[in-house]
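Shown next, in structure tokens, is the structure this report addresses.
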Amino acid sequence: MESIDVLMLCPMISYLEQELQRRYNVLKLWTAPEKSQFIKDHSATIRAIVGDGGHGADAEMIEALPRLEILSSNSVGVDKIDLKKCREKGIRVTYTPDVLNDEVADLAIGLILAVLRRLCASDRYVRSGKWKKGDFKLTTKFTGKTVGIIGLGRIGMAIAKRAEAFNCPICYFSRTEKPDTKYKYYPSVLELASNCQILVVACSLTAESRHIVNREVMNALGPKGVLINIGRGPHVDEPELVSALVEGRLGGAGLDVYEHEPEVPEELFSLENVVLLPHVGTATVETRKAMADLVVGNLEAHFSNKPLLTPLV
Amino acid sequence: MATEVEDHRPLVLVHHLASFKLPLQDRLITHFRLFDSLASPEASSVLALICVGPTPVTVDTLDHLPSLRLVVGSSAGLDHVDLVECRRRGIAVTNSGDAYSENVADYAVALLLDVLRRLSAADRFVRSGLWPQQGEYPLGCKLGGKRVGIVGLGSIGYEVAKRLVAFGCTVAYNSRNKKPSALYPYYANVHDLAVNSDVLIVCCALTNETHHIINKDVLTALGREGVIINVGRGALVDEKELVQFLVQGEIGGAGLDVFENEPNVPKELFALDNVVLSPHLAVSTPESFEALNEVIIANLKAFFSNKPLLSPFQQE
């Protein structure tokens with residue numbers, strides 16, 4: 001059986017690399033001294049790409065690979081993939097929905113609690129020896145606060161289910177109202193922000209949702225409001241976020257994603273009402289393995305002419 | 001000539017150590033006449049006292065208060081009150097009832113998420129500027145599917161269970177007595193609970209029986225991947241043993257809001273990323289103190305009008 005060339009765009013967990021190497025001839029793009037040359041050199045044989053949330057294929061890369069049949073992304077976010085181009089050329093695209101809903105939802109709640117109850121700040125307080133000198137200040141209760149979710153998809157619903165266990169009233173904004181939920185719908189993010197205390201970004205990144213959380217929305221959320229971003233950095237106008245937090249117009253923020261990862265605005269480092277995570281939404285051993293199994297499973301299905309497990313295109 | 005309005009407010013002693021203040025005390029004076037010294041002449045006739053924070057109520061305290069019939073605690077725990085002596089003298093005792101339960105439960109879940117998903121450690125990583133240099137942060141552990149063992153299924157334990165079920169955890173518990181209304185599996189001792197759990201959450205009261213209820217045997221039974229969360233009292237856990245286990249990597253991690261000798265925290269823990277440390281904050285929100293105030297007022301009013309107390313202390 002001929003060996004199939006698969007282009008891997010970036011390093012991933014060793015389990016995934018091993019599983020791919022057992023089945024295919026894996027070409028590691030990040031090891032190439034000159035990436036575009038590397039792609040040229042292998043353009044006649046690359047039939048599949050494996051990317052992730054931060055590494056996809058733009059039109060240029062797709063055009064450079066005439067034998068490309070499938071792009072299997074190790075993520076649920078696909079904003080880095082030129083889906084239109086893939087559709088045009090009949091290239092299949094698969095992703096990893098559902099296996100990570102719980103993980104990301106858990107992180108959203110973790111961020112809410114960490115911000116409201118000042119978990120990271122008080123841990124720093126203890127480690128610095130300050131507790132011996134005096135008590136930490138009061139923090140804010142989570143139970144019962146109104147949670148507003150931008151994007152009531154699978155992840156948004158998982159967040160809502162958890163927040164309900166804390167007796168939180170739930171409201172949301174989505175492109176279309178969902179008829180079979182009991183949660184309150186608001187037709188704009190601005191109205192949502194005006195009517196909740198904790199605003200969670202849980203939608204996909206598209207041209208329409210870029211900077212969906214802007215200065216106006218943050219002002220509406222207000223000095224007691226908290227913003228949680230487990231979506232994509234560009235969902236939030238980052239410079240506006242920094243000034244809203246520094247000026248106290250926004251009460252707090254829990255961020256897992258940023259506009260220019262891994263760069264994080266340094267003005268945030270000294271703020272106690274902010275929790276900063278390095279894009280770890282799906283970062284557990286269990287979930288990364290489940291995602292990897294889907295990546296490999298989709299490629300296997302494709303190359304044995306079986307239905308794809310989780311196709312997007 | 002002005003007539004004096006009679007003061008019908010009942011007399012209540014606010015019993016507090018110098019460093020502890022009763023939150024929202026000024027709200028009480030519309031209902032009660034307050035004083036705060038055992039040396040005051042009113043000590044001999046006062047019927048009720050409010051115990052502020054961990055201020056001890058001992059035989060000596062009670063000897064100064066011959067008319068006392070009620071101790072109103074302002075915390076969930078009452079390990080600083082000589083309950084045996086109160087019972088002997090026919091003095092009723094109340095605690096904070098449900099005023100703190102939700103906040104403490106929220107906090108227990110917060111600590112667990114922090115330990116498993118490494119929130120505080122990852123936040124430190126980002127703030128130190130290491131992300132651009134070191135790239136990927138080490139993976140954490142999934143919460144969903146974890147077997148959570150609750151030590152003490154009182155009002156706090158119950159709220160913790162309710163929350164964790166929504167995350168896909170399975171819950172079991174140990175308590176002094178099996179709770180007929182609880183839907184979760186019961187284990188008659190903490191060792192057996194630990195054998196069958198991935199996480200132990202300590203929410204029980206500190207008594208002579210529960211001192212060091214989390215000991216070397218329980219920690220061993222919990223195992224190398226096990227996580228322990230303590231929102232009860234420091235002395236529920238054998239701290240020296242726990243530190244050993246953590247330093248040697250014989251247990252997966254810990255989230256601790258309480259310690260045996262607060263505010264002292266074992267320094268060996270400061271270097272560990274799988275440990276989250278908190279300065280006894282589980283109740284500390286304005287919402288808690290509002291709720292506590294209502295419970296204190298309700299208990300005192302009930303007492304002074306011969307009605308049943310709102311939150312009499314019950315051994316779980």
Side-chain angles (χ1 to χ4, degrees), chain A residues 11 13 102-103 105-107 109-114 116-144 161-167 261-264 266 268-270 274-280 283-288, chain B residues 102-103 105-107 109-114 116-145 159 162-168 262-265 267 269-270 275-282 284-289:
Chain A
I13 54 166
D102 288 339
E103 212 67 276
D106 288 356
L107 195 81
I109 303 293
L111 276 170
I112 294 173
L113 284 164
L116 287 180
R117 301 304 301 269
R118 297 288 191 265
L119 222 50
C120 309
S122 61
D123 177 278
R124 280 197 293 277
Y125 189 79
V126 174
R127 279 172 208 255
S128 69
K130 289 202 184 107
W131 192 15
K132 297 204 193 176
K133 310 228 175 94
D135 280 340
F136 197 72
K137 56 176 103 91
L138 293 189
T139 61
T140 311
K141 188 174 184 177
F142 173 36
T143 286
K161 175 178 169 212
R162 283 151 177 74
E164 282 194 299
F166 292 81
N167 293 347
E261 294 169 26
E263 304 297 330
V264 175
E266 278 184 23
L268 300 180
F269 290 0
S270 56
V274 170
V275 173
L276 306 166
L277 300 179
H279 203 151
V280 291
T284 66
V285 173
E286 297 89 336
T287 292
R288 288 286 169 85
Chain B
E102 288 170 341
N103 267 302
D106 287 359
Y107 210 69
V109 174
L111 286 171
L112 181 56
L113 276 165
D114 194 329
L116 290 178
R117 300 301 296 272
R118 315 178 71 131
L119 303 180
S120 288
D123 176 271
R124 277 198 291 279
F125 175 77
V126 173
R127 278 172 206 255
S128 63
L130 287 171
W131 192 13
Q133 295 166 39
Q134 285 189 17
E136 285 274 319
Y137 189 71
L139 297 180
C141 299
K142 190 177 165 104
L143 173 58
E159 294 291 336
K162 176 182 158 210
R163 282 152 178 70
L164 288 178
V165 162
F167 289 82
E262 293 169 23
N264 297 297
V265 174
K267 279 199 279 301
L269 300 180
F270 291 178
V275 175
V276 178
L277 304 167
S278 162
H280 203 148
L281 281 182
S284 301
T285 67
E287 294 90 343
S288 267
F289 294 147

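Convention: sequence-line order gives letters A, B, ...; per-chain numbering from 1.
- Of the atoms belonging to B:Leu111, heavy atoms from both backbone and side chain fall under 4.5 Å from chain A.
- With chain A as partner, the option from B:Ala166, B:Pro263, B:Gly145 having the largest number of non-hydrogen pairs under 4.5 angstrom is B:Pro263.
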Audit row: B:Leu119, A:Leu111, side-chain contact (heavy atoms from CB on, under 4.5 Å) steps and yes/no | CA-CA 8 Å; B:Leu119 303 180; A:Leu111 276 170; 5.5 Å; no
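- Contact of A:Lys130 with chain B is not made at all, since no heavy-atom distance falls under 4.5 Å.
- The greatest number of non-hydrogen atom pairs below 4.5 Å with chain B, out of A:Leu138, A:Val280, A:Val275, A:Val264, is found for A:Leu138.
- Counting heavy-atom pairs closer than 4.5 Å to chain B, the top-ranked of the candidates A:Ile112, A:Leu113, A:Asp102 is A:Leu113.
- By the 30° and 60° cut-offs, the orientation of the rings of A:Phe142 relative to A:Phe166 is tilted.
- No part of A:Ser128 comes within reach of chain B, as not one of its non-hydrogen atoms sits under 4.5 angstrom from that chain.
- Between B:Tyr137 and B:Phe125, the ring-plane angle classifies as tilted under the 30° and 60° cut-offs.
- Contact of A:Arg118 with chain B is not made at all, since no heavy-atom distance falls under 4.5 Å.
- Heavy-atom pairs under 4.5 Å with chain A peak, among B:Val165, B:Leu116, B:Leu143, at B:Leu143.
- Heavy atoms of B:Val265 lying under 4.5 Å from chain A belong exclusively to its side chain.
- Counting only N and O atoms by type, the side chains of A:Thr287 and A:Glu103 include a donor and acceptor under 3.5 Å apart.
- When each of A:Val126, A:Leu107, A:Ile13, A:Ile109 is checked for heavy-atom pairs under 4.5 Å with chain B, A:Val126 comes out on top.
- For chain A, the nearby part of B:Ala282 is the backbone; its heavy atoms alone come within less than 4.5 Å.
- Of the listed residues (A:Arg162, A:Glu261, A:His279), the greatest number of heavy-atom pairs within a distance under 4.5 Å of chain B belongs to A:Arg162.
- Interface residue B:Leu139: backbone and side-chain heavy atoms are both found under 4.5 Å from chain A.
- Comparing B:Glu159, B:Glu102, B:Lys267 by heavy-atom pairs within less than 4.5 Å of chain A, the highest count is held by B:Glu102.
- Across A:Thr143, A:Leu116, A:Val285, the residue that shares the most heavy-atom pairs under 4.5 angstrom with chain B is A:Thr143.
- Both the backbone and the side chain of B:Phe270 come within contact range of chain A, judged by heavy atoms closer than 4.5 Å.
- Counting heavy-atom pairs closer than 4.5 Å to chain A, the top residue among B:Gly168, B:Ala105, B:Ser120 is B:Ser120.
- Contacts of B:Arg117 with chain A are made by side-chain atoms alone, with heavy-atom separations under 4.5 Å and no backbone atom involved.
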